[in-house]
Structure formats: C-alpha cells, structure tokens
There are 2 protein chains.
Amino acid sequence: MQDLSPQQNVQTSIDEAVVSGILSARIRPGTRLSENEVASLFNVSRTRVREAMMRLEQRGIVKVSPRRGWFVVEPSAEEAISVYAARRVIEAGLLGSMNHLSESGRETLHAHLAEEKAAIAAGDRQRLTCLMGDFHIRIAELSGNPILVEILRDLTARTILISLIYQSDFHAMQSHLGHCRIAAAMEEGDFEKAAALAVEHLDEVETGLDLTRRPDPLADLRRSLSLPPQVPASSNASHKTKP
Amino acid sequence: MQDLSPQQNVQTSIDEAVVSGILSARIRPGTRLSENEVASLFNVSRTRVREAMMRLEQRGIVKVSPRRGWFVVEPSAEEAISVYAARRVIEAGLLGSMNHLSESGRETLHAHLAEEKAAIAAGDRQRLTCLMGDFHIRIAELSGNPILVEILRDLTARTILISLIYQSDFHAMQSHLGHCRIAAAMEEGDFEKAAALAVEHLDEVETGLDLTRRPDPLADLRRSLSLPPQVPASSNASHKTKP
DNA sequence: CTTGCCAGTCTTGTATGCAAGATTTGTCGC
DNA sequence: GCGACAAATCTTGCATACAAGACTGGCAAG
C-alpha cells in the first residue's frame, strides 16, 4: 500500500516535484540535480530520472552540462528578456482574445487576489512568489486552452528562476496592485485594457530586475554557510573580532 | 569518418528528422515509430531513441501507447481547436507587439511569398504544405524571440498533422493570399491590422477543416491496403479471393 | 462458418553495467 | 609556500539484458 502510491505516479511525479519546487521557490536556479540522488530519493533507477530530466530540459527548466550534471537553469539576461517578451506576447494575445468572464472565473480571480492579500499580510515571501506566478496561470486557465496553460506554466517557472537571480527587492504590493487592475479590467469586460495592463505589469516587473548582476557562482555557497533561514544581520556578527 | 558525422549530431538529429518529416508532410499522423526500427535507422541503441521520443512527446508531437508503441499524434477535433486557438493568440500577440519591419525582414517575407507562388505554379503540394507552415515561423523569427519561434514551430507541426487528418481540399491559393495580405499590412507598418488579418487567416483555415471526420478508422486501413512501399508477399493469405 | 482460447512473438518499461570525461584531491618538485 | 601533475572519484552517456504486457495467429469446439 505504502509503496504503491509513489510507484504508480512516479512517471510524472519527478517532473512535477521539480516544477513544483521551482514554482514555490524552494529550488534555486543553478541547483544541481544529481541523477543518482534524485533516483534514490524516488526509489527508482537512473533511467527514469534521466527521462524526466530530458523532458524538463525540453521545457527549458533544466540544463545538462555534458559529463558534469544536470542543473536547474540560470537564465541569462538575454534569456530573461526573451521570457518576459514571450509572456507579454502570449498574455496580451490571450486577454485580447477574450470576450467574456464567467461567474466562476470572476470568483476564481477574487479568491486568488484574496490569497495574495493574505500572503502579503502574513509576509510569507515564498508563498507570495508562488501566488504571483499563479495569477497568470489562472488567467490562462480561464481561456480554457490547455496548450496555453502549459506554455505559461513553464514560462512562469522560468520567470521565478529569473526573479531569484536578478530581483533584489520584491515589490509584492506593486505586483499585487497590477494584478488587481488586470482583474478589474476583466470584470469590466474591457479585455483590450486588461491586455494593455498585463503588458504594463510585466514591463514593471521586468524593469524591476537588475539584469546586470551576474548569476553569482557563490550564491549557493553563501546560502549554505550564512543562512539557515535568513539572517543577514547576525551573520557577520558570528565571528566577531575579539579584542 | 563515416560513422563520426552521424554520431556527433545524433543527439538532436532523431528529433529533427521526425519534426522535419512532419513539417514536410512526409510523416502522416498515426505513423508508428518503433523504437527498434528507428534505432537501427540511426545506428544507435533504443536508449537514445527513447530519449528522443520523450522529448517529442513533451512537445506534443508523438504519443506513447503503453506497451504498444510510439505514434505520431493524431490530434482530436478538440485538440485541433486548441491548437488553432493557441496560434491565434500567439500570432496576434506577436504581430501586435511589433512596431517595425526591418529591411532584411521585408526581403525575407518577399522571398518566402515568391517561393509560395512558385510552389503553387509547380503544383507541388508537399512543398506547399511545408511553406504554408513556414510562413508563420518566419514571422516568429522576425520577432527575434527564440522562445516564441520554438513554440510556433511545434504548433505548426501539429497544425500540419491536423490538416492531414481533417483537411479535404487544400485551398493553397486562399492561404497564400492570406499570407500576402498579412505581409502587406506589415510593410505598411500597420501591425494591428496584420494581427487581425492573421487571426482571420487562421480562422479561415480552421473553418476549412472538416472536424467531423474521424481521425483513424479508415485512414491507416486505406493506407495499409493501397500503399505499396513494401509488399509482404507471403504474410497475407486472403489475396486469393478471386472467384 | 463462427467463436473462444492459448501459445508465440513483438512491443515497450525498467534496471544495470561499463566506459569516458570532468573534477577534485593528494603529492611531489621547486 | 606554491604550482603543477597524476591518481582517485564521481558524474553522465550509452548499450544491453531482462521482464511484463499486448497483439496475432492458429486451433479446436460449438
């Protein structure tokens, strides 16, 4: 019983575990995903892991460095720009092609925005990251087009990785307001306006990035050493220079 | 030497061979892709073939039927609708976000339209199918966004499979005129109009489909009977039914 | 003539084994 | 102390082996 449930769904669960880890910002860009380690985590052989990695690579989520290993992608500045441009194109096209917001869709949006508000109030940054991405997936789901949902989910995953690299401050409130404005335009039935707002919103987020900073090879090292949760103040006070 | 050149590019060449075969309409929907056969064709082991199939499956180009085999997808009517809807969204967003057509872009479009004209004049339907899809990829390339190019390439592949199933007549001239109109609007710099024309064009093509016809039942049966690429002489005992 | 069953064969699913490349570490020479 | 070289180790790349499910064909019974 206990080993049945993991076994039967392992086919896709490796993929989903990685994607979900990225969407919830638990997996950082550049994380190494060892075939052996993942294999033992899921109690399968390397074959299955490799197949999952191949799929994830196709989705632009992991990269293989030959004979070195699999790594969660660290989008370059150029790739980041491409991802945001692609999202602008698709989301604008998506909203612009809508002409009706169903009642259940309205409720979905409201429920989501409420969750965002709650996360902001709670200051739960990880959950917030997840929600901020989810908003755009929700919109795609409203279109009822599974292809676009899939595309936007993967682009959202990459967006989160990008923000983890290049985003210094997390303007959660600004993003949340952007989402509110988009939702409001949709409720008004003005989807052209919603599309324009979505483009504007993505522009805002993109300009909030610092694309000049390097992907930072010592990021995970610093992470391993200095922050178990996150303590910027006490880290350098740990080895105080005694007189 | 002779085995070096295939070896080094085999990594992606299986994928590309299949995709290129679909884009040029040489591979029909529902075609079975046996791991063993493909493996011997490329002189590699099944492992590589499997990996390629996994990638292609992720791209929505092939499907695996468990323990039965890999098959080029036969999009259902619903999937066909989704594919066209996705293309409308993306291509409209793409054109709507453009604001400039470079000189080289203009030349690219002209050259492509000339090729379409030539293929129509020559009556080369297979080449025409390929070109009709390529037009939209060219536009994506003009955007300079590799992500969108990749997405549209795969959607185009699926579109071709759809047309092979559901398209009875090939209104080549109509499609070509649609392309010309889109290109003209782009040259005028009126990208909003180009976007609207693209949506209209895709609508035209989609309404030209007969989505009521079933994908498989008589397609591969007719193919098995009437196509003689190879004739298994002794395999069939029912060839003596003449009175 | 039709129908049900059973064995044979063919397919993919999965694991494992071995080889080659990359990194790291330990050691030696300077 | 410092740099370079080499062996050890760890990683993926790829092939192969074996197992299990699905289809095909023949055969027998009704």
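This is a predicted model, so every value here is computed, not measured. Every chain is numbered from 1 and lettered A, B, ... according to where its sequence line falls, protein lines coming before strand lines.
- Distance Met54(B) CE to dT12(C) P: 11 Å, rounded to the nearest Å.
- Rounded to whole Å, the distance from CD on Glu57(B) to C1' on dT12(C) is 13 Å.
- Residues that satisfy the side-chain hydrogen bond (donor to acceptor under 3.5 Å, both in side chains) test with Asp210(A), not counting sequence neighbours, are Thr212(A).
- For dG13(C), the OP1/OP2 oxygens have no side-chain nitrogen or oxygen of Arg48(A) closer than 4.0 Å.
- In this structure, the CD1 atom of Ile14(B) is 13 Å from the C1' atom of dA15(D), given to the nearest Å.
- Scored by the ring pair (Phe, Tyr, Trp, His ring centres under 6.0 Å) test, His112(B) finds Phe135(B) as partners (sequence neighbours excluded).
- By the side-chain hydrogen bond (donor to acceptor under 3.5 Å, both in side chains) test, Arg125(B) is found to be paired with no residue, residues two or more places apart in sequence or in another chain being considered.
- In this structure, Thr47(A) does not reach the dT14(C) phosphate: none of its side-chain N or O atoms is under 4.0 Å from OP1 or OP2.
- Among the atoms of the strands shown, only primed sugar atoms or phosphate atoms (P, OP1, OP2) are found under 4.0 Å from some heavy atom of Ser34(A).
- For Leu33(B) and dT12(C), the CG to C1' distance is 14 Å, given to the nearest whole Å.
- Rounded to whole Å, the distance from CZ on Arg50(B) to P on dC14(D) is 16 Å.
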Shorter than 3.5 Å, N or O on both sides, protein versus nucleotides 17-21 of chain C: list them out with atom names.
from    : atom 1 : to       : atom 2 : distance (Å)
dA20(C) : N3     : Arg67(A) : NH1    : 3.2

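- Between the CE atom of Met53(B) and the P atom of dT14(C) there is a distance of 17 Å, given to the nearest Å.
- The Arg68(B) side chain lies nearest to dC23(D) when the options are dA15(D), dC23(D), dT12(D).
- Qualifying side-chain hydrogen bond (donor to acceptor under 3.5 Å, both in side chains) partners for Gln126(A), counting only residues two or more places apart in sequence or in other chains: none.
- Atoms CD (Glu51(A)) and C1' (dT12(C)) sit 11 Å apart, rounded to a whole Å.
- In the model, Arg88(A) has no side-chain atom that pairs as donor or acceptor with a side-chain atom of Ser97(B) under 3.5 Å.
- Side-chain atoms of Arg26(A) and Ser20(A) form a donor-acceptor pair, as typed in the model, at a separation below 3.5 Å.
- Nucleotide dT12(C) holds its P atom 4 Å from the CD atom of Glu35(B), rounded to whole Å.
- The side-chain hydrogen bond (donor to acceptor under 3.5 Å, both in side chains) test applied to Thr207(A) returns no partner, not counting sequence neighbours.
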